[in-house]
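Just follow the structure's listing: the first ligand is 1, and inside any ligand the first atom is 1. Numbering of residues begins at 1 and proceeds along the displayed sequence.
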Amino acid sequence: MTSGIELRGVTKDFVVRPGRGGPGTSVLRALEDVSLCVPPGEFLTLVGPSGSGKTTLLDLLGGLSRPTAGSVLVDGREVTGPGLDRGIVFQQYALFPWRTTLANVTFGLEQLGLTRRERTERAREHLALVGLDGFEDRYPHELSGGMKQRVAIARSLAYRPGILLMDEPFAALDAQTRDQLQDELLRIWRATGTTVVFITHRIEEAVYLGQRVAVLSSRPGRLKALVDIDLGDRRSTNDLRSDPAFVRYRHDVWTLLHDEVRRAQEAGHLKVQPDGTERAA
Ligand code: ADP
Ligand code: MG
């Protein structure tokens, strides 16, 4: 089971309360008129400067918030709230510390009307899918960051959602673990056929994972570009990241994004930190 997504003219405003003693409330436009179709089974990555509305967009897809204007559709039906047809994986692992790995994955499966035995089987199957067989009885504090994120992915997939929404899920991991999980995720995506929307601020990650890369403009986030990534069968290339085609795509997306980061800085939306990273102002 896989699902398609459609965004039609989506705008999202937030009402911002003033600081102490400030004037009345103001409206912050986070997204403006975003229209986008993600066909069933696609792996779409989404990049944009910090504060460009990436998380806002994912929340709308997840049904955690509603658009101010426009609509969000899954398989042609308007999204009005969260649903088991859409799994979400966040940057923070969001596991229950008092539950074992297995119990973290079985949690919530009652809602699917499965028996206890079916729930356990389903959880074991998905832990195996993310390479965690043998770790069923461990607690989160006994797992590395990468393993915790594997559990979170297994938990989302155990519902067999048609759509997997991921908000910078590998951002907190070291480079080696991140590379490994990227390959694992591609393998899982091929095995399940799930539609994936994956947010990252890392250009290389976006190009490595995505069949298409969507680039958001600086605030308010508009769809600036959609870049088709055609790298053939990625599995046949050992060092894809050094492949000339890969390097060219990375440069293209970098150029699109760099323009936006500069614009955001000029507008005062972004402050560059001493370590060179950006923060929303
Ligand atoms: P990104 O994930 O691309 O860094 P976000 O979607 O988190 O960006 O935020 C987009 C903009 O909307 C930012 O300026 C952020 O401060 C603002 N924003 C996000 N959520 C809220 C909220 N609940 N209330 C007010 N402003 C918000
Ligand atoms: Mg975000």
Side-chain angles (χ1 to χ4, degrees), residues 5 7 9-20 22-36 38 44-70 72 79 81-82 86-94 149 152 156 164-173 178 196-206 209-210 212-227 253-254 256-273 275-281:
I5 299 168
L7 297 168
V10 168
T11 293
K12 178 68 183 180
D13 292 336
F14 290 109
V15 176
V16 186
R17 272 185 286 276
R20 203 196 298 224
T25 57
S26 58
V27 171
L28 182 149
R29 176 149 296 183
L31 288 173
E32 187 167 87
D33 196 21
V34 176
S35 294
L36 172 69
V38 186
L44 179 87
T45 50
L46 180 71
V47 294
S50 0
S52 61
K54 301 184 294 296
T55 295
T56 302
L57 188 70
L58 207 84
D59 285 351
L60 291 167
L61 293 174
L64 305 177
S65 75
R66 301 292 304 274
T68 307
V72 179
V79 168
R86 282 153 287 140
I88 307 184
V89 179
F90 301 99
Q91 180 179 333
Q92 294 308 324
Y93 317 115
Q149 205 53 313
S156 295
L164 189 59
L165 306 170
M166 308 183 87
D167 193 356
E168 308 211 22
F170 304 153
L173 305 177
R178 188 168 56 227
V196 181
V197 177
F198 185 106
I199 290 178
T200 176
H201 64 268
R202 297 176 56 87
I203 295 162
E204 183 170 290
E205 185 167 61
L209 292 174
R212 280 193 302 165
V213 179
V215 183
L216 284 185
S217 70
S218 59
R219 202 177 83 208
R222 294 189 213 89
L223 189 59
K224 181 181 169 95
L226 276 167
V227 183
V253 176
W254 182 86
L256 288 162
L257 197 58
H258 193 73
D259 279 356
E260 291 309 316
V261 170
R262 193 172 34 77
R263 275 162 35 109
Q265 281 165 355
E266 282 164 9
H269 290 164
L270 281 182
K271 289 218 162 33
V272 176
Q273 306 293 301
D275 64 359
T277 59
E278 301 111 23
R279 283 270 144 75

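- Note: an N/O pair closer than 3.5 Å links Arg219 and ligand 1 by distance alone.
- With waters neither drawn nor counted, the protein N/O/S atoms under 2.8 Å from the Mg ion (ligand 2) amount to 1.
- In terms of N/O distances under 3.5 Å, ligand 1 is not approached by Val15.
- Annotation: side chain of Arg66 is not in contact with side chain of Val72 (no heavy-atom distance under 4.5 Å).
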Run Arg86 and Val79 through side-chain contact (heavy atoms from CB on, under 4.5 Å) and show every step you take.
CA-CA 10 Å; Arg86 282 153 287 140; Val79 168; 3.3 Å; yes
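- Under the salt bridge (Lys or Arg N to Asp or Glu O under 4.0 Å) criterion, Glu204 pairs with Arg241, Arg250, sequence neighbours left out.
- Within the listing of ligand 1, atoms 4 (O) sit less than 4.0 angstrom from a heavy atom of Ser50.
- A donor-acceptor contact shorter than 3.5 Å links the side chain of Glu260 to the backbone of Ser218.
- Taking a 4.0 Å cut-off on heavy atoms, Gly48 fails to register as neighbouring ligand 1.
- The backbone N or O of Ala206 lies less than 3.5 Å from a partner atom in the side chain of Thr45, making a donor-acceptor pair.
- In this structure, Phe14 and Thr56 have side chains that are in contact, with non-hydrogen atoms separated by less than 4.5 Å.
- Heavy-atom minimum distance, Arg29 versus Arg219: O-CG, 3.5 Å.
- No option in Ile88, Val196, Val89, Ile199 other than Ile88 meets the side-chain contact (heavy atoms from CB on, under 4.5 Å) test with Leu165.
- Within ligand 1, counting atoms from 1 as listed, the ones closer than 4.0 Å to a heavy atom of Thr56 are 5 (P), 6 (O), 9 (O), 10 (C).
- Dense packing is recorded around CZ of Arg212, with more than 12 heavy atoms of other residues, nucleotides or ligands lying under 6.0 Å away.
- By the criterion of a heavy-atom distance under 4.0 Å, the side chain of Leu28, and not its backbone, is placed next to ligand 1.
- Closest heavy-atom approach to atom 4 (O) of ligand 1 within the set Pro49, Gly51, Ser52: this belongs to Gly51.
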